[in-house]
Amino acid sequence: MRIATWNVNSIRARSGRVVDWLVREDVDVLAMQEIKCKPEQFPIEAFEAAGYELAIHGLNQWNGVAIASRVGLDDVETEFPGMPGFQKGHEGPDLPREARAIAATVDGVRAWSLYVPNGRSLADPHYVYKLDWLAALTEHTRAETAAHPERPFTLMGDFNIAPFDEDNGDPAVIEGATTHVSPAERTAFAELTGAGVTDVVRPLVPEGYTYWDYKQLKFPRNEGLRIDFVLGSDAFADVVTSASIHRNERKGDAPSDHVPVLVELDLDSGGDDDVPMIFG
DNA sequence: ATGACGTTCAAAGAACGA
């Protein structure tokens, strides 16, 4: 199975590009972020014509996540336990949840498409929200991977954190002093990746960014950030056979500011390549 | 340079993004 994640920055502005890429790369499952529309506004026909069904979670023009699949789409959820909400100018435990998470089971794999809050600035309430959101995600990940160790589990999406110094090639993003690279965000990411999932792309693709700002020739200068990840449980990581960051999708007409990240799985291997199969 | 780019909507600037 070929499974990918892509912050599309408005699916209505980019459905042609996205579906063309899915077909060209023979992708089975795509986790999308920042669709920026409600389900009734989503260009479903373009995906269905290419053989994909959809699970969509969008409330308004902000955020929005979806999963496209041609290998089934079951048990859809649009929030994880403890997922905090946010409302500008308001505080408290019961604020409305934003459209930042959707999960589905695809060919036996439990997959989340996630758009982690941006944080805005280190002094902004949105930054606290970001850290709280990640902490709740960490607890859910710990519980899910412990409860179902044999089921491949993945968190895919735009995490809005550059976990290591080499993930930041943008001089405007200052280590420790702006969002995406602050110690607290990096600690939150480290705790997530210590809670039963690991980055399955980095060992296979050690270098490269996944996002470049539209402004200031950031892409031609290659001043980007690596902030889009595929994290997988042991049962997921054990069946990964290849991974790639599709930098060329930042080129050409009307690109998203993010590029897709693709992983190939061999779900038939069972992840026990070193254990001989015994027949009869 | 409090910008530069791109997307959205209450449709002109504001909000948001990272």
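Just so it is clear: chains get the letters A, B, ... in the order the sequence lines come, proteins before strands, and each one is counted from 1.
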Query raised in the report: For A/Lys88 and B/dA15, what is the distance between atoms NZ and C1' respectively, to the nearest whole Å?
Result: 7 Å
Query - Span that lies between the P atom of B/dA15 and that of B/dA10, in whole angstrom - result: 15 Å
Report summary line: Given the options A/Val19, A/Val18, A/Ile56, A/Ile11 meets side chain to side chain contact (heavy atoms under 4.5 Å, CB included) only with A/Val18
Query raised in the report: Testing A/Ile227, A/Val65, A/Asp158 for side chain to side chain contact (heavy atoms under 4.5 Å, CB included) with A/Asn7, which one passes?
Result: A/Asp158
Query raised in the report: Do the side-chain N or O atoms of A/Gln41 get closer than 4.0 angstrom to the phosphate oxygens (OP1, OP2) of B/dC9?
Result: yes
Query raised in the report: Does a sphere of radius 6.0 Å around CD in A/Glu150 hold more than 12 heavy atoms from other residues, nucleotides or ligands, not counting ones at 6.0 Å or beyond?
Result: no
Query raised in the report: Quick one: is A/Arg14 getting a side-chain N or O under 4.0 Å of the B/dG6 phosphate, OP1 or OP2?
Result: no
Requested in this report: Whole angstrom is fine here: how far is it from CH2 in A/Trp62 over to P in B/dG6?
Outcome: 17 Å
Query - Sorted by number, the residues of residues 156-163 of chain A with heavy-atom contact under 4.0 Å to DNA chain B - result: A/Asp158, A/Asn160
Query raised in the report: Mind checking the C1' distance from B/dC9 to B/dA4? Whole angstroms is fine.
Result: 23 Å
Report task. May I ask you to check whether A/Phe159 and A/Tyr115 place their ring centers less than 6.0 Å from one another? Result -> no
Query raised in the report: Charged N to carboxylate O below 4.0 Å: is that the case for A/Lys88 and A/Asp124?
Result: no
**Report entry** Common cluster, A/Val261/A/Trp212, ILVMFWY with side-chain heavy-atom separation under 4.5 Å
**Finding:** yes
Query raised in the report: Whole-Å distance between B/dA15 P and A/Asn60 CG?
Result: 15 Å
Query raised in the report: What distance, rounded to whole Å, do you find between the two C1' atoms, one in B/dG3 and one in B/dG13?
Result: 16 Å
Query raised in the report: Using atom P of each nucleotide, how far apart are B/dC5 and B/dA11 to the nearest Å?
Result: 26 Å
Query raised in the report: Hey, does A/Asn7 reach any base, or is it just sugar-phosphate, or nothing, if we go heavy atoms under 4.0 Å?
Result: sugar-phosphate
Query raised in the report: For A/Arg226, which contact category applies under a 4.0 Å heavy-atom criterion: base, sugar-phosphate, or nothing?
Result: nothing
Query raised in the report: Starting at the 5' end of DNA chain B and moving along, which residue's nearest nucleotide shows up first, A/Ala254 or A/Leu225?
Result: A/Ala254
Requested in this report: Could you tell me whether A/Arg24 and A/Glu249 have a side-chain N and a carboxylate O separated by less than 4.0 Å?
Outcome: yes
Query - Residue whose nearest DNA chain B nucleotide is more 5′ - A/Ala13 or A/Pro117 - result: A/Ala13
Query - Modelled atom types, side-chain donor and acceptor of A/His180 and A/Asn160, under 3.5 Å - result: yes
Query - Pairwise C1' distance for B/dA18 and B/dT7, with rounding to whole Å - result: 15 Å
**Report entry** A/Phe229 CZ to B/dA18 C1', straight-line distance once rounded to whole Å
**Finding:** 13 Å
Query raised in the report: Hey, can you pull the residues of residues 208-224 of chain A with a non-hydrogen atom under 4.0 angstrom from DNA chain B?
Result: A/Tyr211, A/Tyr214, A/Lys215, A/Gln216
Requested in this report: With C1' as the reference atom in both, quote the distance from B/dA14 to B/dT2 in angstrom, rounded to an integer.
Outcome: 15 Å
**Report entry** Presence of A/Lys36 side-chain N/O under 4.0 Å of B/dC16 phosphate oxygens OP1/OP2
**Finding:** no
Query raised in the report: How far does CD1 of A/Ile245 sit from CZ of A/Arg250, to the nearest 0.5 angstrom?
Result: 14.5 Å
Query raised in the report: Does a side-chain N or O from A/Arg120 land closer than 4.0 Å to OP1 or OP2 of B/dA18, or not?
Result: no
Requested in this report: For A/Gln61 and B/dA11, give me the distance from atom CD to atom P, rounded to whole Å.
Outcome: 13 Å
**Report entry** Interatomic distance, A/Ile11 CD1 vs B/dG6 C1' [rounded to whole Å]
**Finding:** 15 Å
Query raised in the report: From A/Leu30 CG over to A/Glu25 CD, what is the distance, rounded to the nearest 0.5 angstrom?
Result: 11.5 Å
Query raised in the report: Which part of the nucleic acid, if any, lies within contact of A/Ser10, taking any heavy atom under 4.0 Å across all strands shown: a base, the sugar-phosphate backbone alone, or nothing?
Result: sugar-phosphate
Query raised in the report: Closer than 4.0 Å, any side-chain N/O of A/His258 to the OP1 or OP2 of B/dA18?
Result: yes
**Report entry** Sub-6.0 Å ring centroid separation between A/Phe236 and A/Phe153
**Finding:** no
Query - N or O in side chain of A/Asn9 less than 4.0 angstrom from B/dT7 OP1/OP2 - result: no
